[in-house]
Amino acid sequence: MAATATQGPLAGLPRRLVQDGIVQEEALNEALEATKEKKSSLVAYLVSKELGHPRKIAVAAAHEFGVPLLDLDAVELDLDVVKLVSEKLLTRYRVLPLMQRGKRLYVGVSDPTNIQALDDIGFQTSLRIEPVVVEQDKLDDRVGKAIEAVDTSMSSFEDDDFDLDNLDVSSGEED
């Protein structure tokens, strides 16, 4: 009798997705294998392959991990908050800084289990990072727009705006 390698029982978010009828178990097991090989996000994979509706996946993740859920259509981007996190980290982890309150930075994520992303952002900003679950498709769209908006706001400071050659500098003792 030949033994076959089988996936153990599902736990965490994958179990929730199957229990809630969002993703079929067979498709989820294939997705888990694919994301394990590529070392990528399960949520991003499921949404990109259209194996589950982004909104339903976000709701399931928020319930499973006890993390707040936010609809990105309901908030305006604050570029000052977005600028707190480097473009490199925004692009690498596909996260979106939403707001800062005191020493806390609320960050939109599609997968709140990505501890490495939260730790790296916390280290870079010296702030306590609070994840907020958002839909993967909206997150991808907003991250792209945020990076573009930050690039545009920074490029508005062209060298022509500052005429340093004709700058009059005085000590204020001319009287």
(Q) Under a 3.5 Å cutoff, is there a donor and acceptor pairing between the side chains of Glu33 and Asn29? (A) no

(Q) Nearest 0.5 Å, please: how far is NZ in Lys49 from CD in Glu30? (A) 11.5 Å

Q | Leu98 and its side chain to side chain contact (heavy atoms under 4.5 Å, CB included) partner, picked from Leu77, Leu72, Val82 | A | Leu72

Q) Do Val150 and Glu87 have side chains that get closer than 4.5 Å, going by heavy atoms? A) no

Q | Trace of the side-chain contact (heavy atoms from CB on, under 4.5 Å) decision for Asp71 with Lys138 | A | CA-CA 8 Å; Asp71 183 358; Lys138 291 180 182 179; 2.7 Å; yes

Q) What is the distance from atom CG of Leu32 to atom OH of Tyr45, rounded to the nearest 0.5 Å? A) 10.0 Å

Q: Answer whether the closest heavy-atom distance between the side chains of Leu118 and Tyr93 falls below 4.5 Å.
A: no

Q | Stepwise side-chain contact (heavy atoms from CB on, under 4.5 Å) check, Val95 with Val143 | A | CA-CA 7 Å; Val95 297; Val143 168; 6.0 Å; no

Q) Can you hop from Leu84 to Leu79 via hydrophobic side chains spaced under 4.5 Å? A) yes

Q: Of all the heavy-atom pairs spanning Leu139 and Ser110, show the shortest one and how long it is.
A: CD2-N, 3.7 Å

(Q) Which heavy atom of Pro112 sits nearest to which heavy atom of Val133, and what is that distance? (A) CG-CG2, 3.9 Å

Q: Evaluate the criterion side-chain contact (heavy atoms from CB on, under 4.5 Å) for residue pair Leu10 and Arg16; output intermediate values, then yes/no.
A: CA-CA 9 Å; Leu10 295 174; Arg16 166 79 63 163; over 6 Å; no

Q: Can you measure from CD (Glu130) to CD (Gln100) and round to the nearest 0.5 angstrom?
A: 12.5 Å

Q. If we only count heavy atoms from C-beta on, is the Leu90 to Pro97 side-chain gap below 4.5 Å?
A. yes

Q | Side-chain heavy atoms of His53 within contact of Ile22, under 4.5 Å | A | no

Q | Gap between atom OG of Ser41 and atom CD of Gln136 - 0.5 Å precision | A | 6.0 Å

Q. Can you tell if the side chain of Arg55 reaches within under 4.5 Å of the side chain of Leu69, non-hydrogen atoms only?
A. yes

**Q.** Spacing of CG belonging to Leu51 relative to CD belonging to Glu26, to within rounding of 0.5 Å
**A.** 11.5 Å

Q. Are any of the side-chain heavy atoms of Thr35 and Leu46 separated by less than 4.5 Å?
A. no

Q: Indicate yes or no: at least one non-hydrogen side-chain atom of Ile57 is less than 4.5 angstrom from one of Val47.
A: yes

**Q.** Least distance between heavy atoms, Pro54 atom then Glu135 atom
**A.** O-CG, 4.0 Å

Q: Go through Lys56 and Asp20 one step at a time and tell me if the side-chain contact (heavy atoms from CB on, under 4.5 Å) criterion holds.
A: CA-CA 9 Å; Lys56 291 180 180 179; Asp20 291 354; over 6 Å; no

Q: Identify the heavy atoms of Pro68 and Pro131 that sit nearest to each other, and give their distance.
A: CD-O, 3.9 Å

Q | Distance, nearest 0.5 Å, that separates CD of Glu64 from CZ of Arg15 | A | 5.0 Å

**Q.** Side-chain heavy atoms of Val85 within contact of Leu105, under 4.5 Å
**A.** yes

Q | Hydrophobic cluster identity match, Val81 and Phe123, side-chain contacts under 4.5 Å | A | no

Q: State whether a side-chain donor-acceptor pair under 3.5 Å links Asp120 with Gln116.
A: yes

**Q.** For the student: nearest non-hydrogen atoms of Glu25 and Val18, plus distance
**A.** CA-CG2, 3.8 Å

Q) Looking at Ala11 and Pro14, what are the two nearest heavy atoms and their distance? A) O-CD, 3.0 Å

Q.
Surrounding CD of Gln24 (heavy atoms of other residues, nucleotides or ligands, distance under 6.0 Å), is the total greater than 12?
A. no

